Amino acid sequence: MLDPKLLRNDLPLVAERLSVRNFKLDQDALSELDRRRKALQQRTEELQAERNSRAKTIGQAKSRGEDIEPLLAENSRMGDELENARDALAEVQAELDAILLTLPNMVDASVPRGRDEADNLELRKVGTPPSFSYEPLDHVDIGARRSALDFETATKLTGSRFAVLRGELAMLHRALIQFMLDVHTREHGYVEINVPYVVNAETLKGTGQLPKFEDDLFRLVWGDVGTRADAGATGNDYYLIPTSEVPVTNTVRDTILEVSELPVRYTCHSPCFRSEAGSYGRDTRGLIRQHQFEKVEMVQVVHPDESYAALEQMTGHAETILQKLGLAYRVVVLCGGDIGFAAAKTYDIEVWLPAQKTYREISSVSNCTDFQARRMQARFRDPTTRKTELLHTLNGSGLAVGRTLIAIMENYQQEDGSVAVPEALQPYTGGVRTVLQP
RNA sequence: GGAGAGGUGGCCGAGUGGUCGAAGGCGCCAGCCUGGAAAGUUGGUAUACGGGGUAACCCGUAUCGAGGGUUCGAAUCCCUCUCUCUCCGCCA
């Protein structure tokens, strides 16, 4: 959520910042709504003050044993007026809140304007893509051996966009997770955390997925489907997490941290569930875009002065994984048209995929500034003023496990169809150095 | 799933209709005391929004798990929801 004070005091500035995202802010509607809110609030509070003072007078009169009947009669007329004012205020406030919750974060000044991913800015290329003496296979063909990567069975079990991993490929997948967690905890100072994969609506609101992006989520319905479908009305709405950023970041919701507790650094392995609504026909082949995938996430909660340094640092942490695995990648800064709802600045890391002969996203690292913190009421206490202030939150993949597996399969493929295991990973494969041998 | 008990400030805990943002304690901050500290002692110690003031600050409103109701007036009474704890059942 954006700062309501800023919205009141400098709407044009907000509109300008949001225009970088190609988001058009209806300034007139917003300021008119706020003007009404203010008038109604003052009127309501006036009436409440009067009611309070009268009630107090009655109480005092009664305690002196005086006759309070005349006072009561005088008061009976106030009720309706107060109620009307209160209702009108609540209505306008709700309208205003609804708008506020759908406004995206303001992007940092360094974020370039642009329409879509084509306008993202490449910052650096690291590593050299491998060369092959033959036309490299893609991961689907490589994984076909002994049904190590099995989409048919997954379709039978569930439907499209799911996969079954078997044998050495399942083992390699697991090794990757453990490798990443170990690097982040032992070398990068993160605390490993394990969290629920099912969360409530409040949690999703905190990180910004709700109310605007419900279509991207899997919502749980249980028990009697007929009566539970509208479970939200009774407070029972649970969703599968689209990323562990959601539960991990929300661990600091409604808390006030001391400066000594900062920065908070968590790394978390979890499955992620995404409906992929609106991506029909995209990446339909292979493991690239699935309804369920696994990810090792990094989350930091930091002092506002530190967040942009933390963004660079976290990007470096994700890059370290790729470097250790010997994979070529590039780093891009997302343009206004491609950046996510909650982020003020995002770096995408894209790994080289030989079969596609292109770089594909494998990590996304974002500084969400105070946007999520305000929604979550995640604050710290300034040691000098003793006042509470909003924290800054960051999240980044370190890395998407499925896509890392793809990258290894394609980049480390050998002419006989087997896949070499990167050296850094071998301690995690029990010394196995090649998988999917003929 | 059944039965019961409970959710009050950073924490513990009192408060069953009136001047209660809420006793008391702990913690924290500041002063005094001390060579310094502990102990002692005095004072302070929530958040949000609105209004006023250059500012320190002052005034108003709201907040005692959440929402609704009763009432001139609700932390206190009623209803719904939610979470926690105890016992029983079931279960990886």
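So you know, we letter chains A, B, ... as the sequences are listed, proteins then strands, and number each from 1. For clarity, every value in this text was computed on a predicted model and none was experimentally measured.
Pair assignment for G10(B) gives C26(B), based on Watson-Crick or G-U wobble hydrogen-bonding distances that are each under 3.5 Å. Across all strands shown, U76(B) forms no Watson-Crick or G-U wobble pair with both distances under 3.5 Å. Taking a pair to require two hydrogen-bonding distances under 3.5 Å in either a Watson-Crick or a G-U wobble arrangement, A39(B) remains unpaired. Pairing for U16(B) is absent, judged as Watson-Crick or G-U wobble with the two contacts each under 3.5 Å. Judged by Watson-Crick or G-U wobble contacts below 3.5 Å, the nucleotide U47(B) has A62(B) as its partner. A3(B) and U86(B) make up a base pair, with Watson-Crick or G-U wobble contacts both under 3.5 Å.
In this structure, L47(A) places its CG atom 11 Å from P of A62(B), rounding to the nearest Å. Going from atom CZ of R51(A) over to atom C1' of A74(B) covers 10 Å, rounded to whole Å. One atom, CD of Q60(A), and another, C1' of U19(B), lie 6 Å apart when rounded to the nearest Å. Counting to the nearest Å, the P atom of A62(B) and the CZ atom of R86(A) are 8 Å from each other. Straight-line distance from the NZ atom of K205(A) to the C1' atom of A66(B): 13 Å, rounded to whole Å. The interatomic distance linking L257(A) (CG) with G10(B) (P) rounds to 14 Å, in whole Å. Taking atom CD of Q48(A) as the reference point, atom P of G51(B) lies 16 Å away to the nearest angstrom. Whole-Å rounding puts the N52(A) CG to C20(B) P distance at 13 Å.
Applying the ring-ring contact (aromatic ring centres under 6.0 Å, His included) test to pairs two or more places apart or on separate chains, those with a residue in residues 158-177 of chain A are F162(A)-H291(A). Residues in residues 173-185 of chain A take part in these salt bridge (charged side-chain N to carboxylate O under 4.0 Å, His left out) pairs, two or more places apart or across chains: D182(A)-R186(A).
At a cut-off of 3.5 Å, with distance as the only test, a side-chain donor of T369(A) or N105(A) sits close to an acceptor on the other residue. Q372(A) and T393(A) share a donor-acceptor pair across their side chains, judged by distance under 3.5 Å alone.
When the P atom is compared between A38(B) and G31(B), the two are found 12 Å apart, to the nearest whole Å. Nucleotides U41(B) and G25(B), compared at atom P, are 11 Å apart to the nearest Å. Rounded to a whole angstrom, the distance from the P atom of C11(B) to that of A46(B) is 14 Å. A22(B) and U63(B) have their C1' atoms separated by 12 Å, with the value rounded to a whole Å. Comparing the same atom, P, in G60(B) and in C72(B) gives a spacing of 25 Å after rounding to whole Å. Across G27(B) and C81(B), the matching C1' atoms stand 34 Å from one another, rounded to whole Å. As rounded to the nearest Å, U70(B) and C12(B) have C1' atoms that lie 33 Å from one another. When the C1' atom is compared between G17(B) and G50(B), the two are found 29 Å apart, to the nearest whole Å.
You won't find any donor-acceptor pair under 3.5 Å spanning the side chain of K56(A) and the base of G18(B), going by distance alone.
Of the possible donor and acceptor atoms, one in the side chain of S279(A) sits under 3.5 Å from a partner among the backbone N and O of E276(A).
Among residues two or more places apart in sequence or in another chain, the ring-ring contact (aromatic ring centres under 6.0 Å, His included) test is passed with Y347(A) by none. Under the ring-ring contact (aromatic ring centres under 6.0 Å, His included) criterion, F380(A) pairs with H303(A), sequence neighbours left out.
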Let me have the donor-acceptor pairs involving side chains of residues 399-412 of chain A, under 3.5 Å, with sequence neighbours excluded, atom names and distances please.
residue	atom	partner	partner atom	Å
R403(A)	NE	I288(A)	O	3.0
R403(A)	NH1	E361(A)	O	2.9
R403(A)	NH2	I288(A)	O	3.0
T404(A)	OG1	A400(A)	O	2.6
E410(A)	OE1	A355(A)	N	3.4
E410(A)	OE2	H139(A)	N	2.9
E410(A)	OE2	H139(A)	ND1	3.1
N411(A)	ND2	W352(A)	O	2.9
N411(A)	ND2	A407(A)	O	2.8
Y412(A)	OH	L325(A)	O	2.5

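Among the nucleotides U61(B), G73(B), C83(B), the one closest to the side chain of A55(A) is G73(B).
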Take Y197(A) and F273(A) through the test ring-ring contact (aromatic ring centres under 6.0 Å, His included) and record every step on the way to the result.
CA-CA 9 Å; Y197(A) 306 146; F273(A) 302 92; 7.5 Å; no
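Within 4.0 Å (heavy atoms only), Q42(A) reaches sugar-phosphate atoms of the nucleic acid but no base atom.
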Measure all distances between protein nitrogen or oxygen atoms and nitrogen or oxygen atoms of nucleotides 45-49 of chain B, and list the pairs falling under 3.5 Å.
residue	atom	partner	partner atom	Å
C49(B)	O2'	Q41(A)	OE1	3.2
C49(B)	O2'	Q41(A)	NE2	2.6

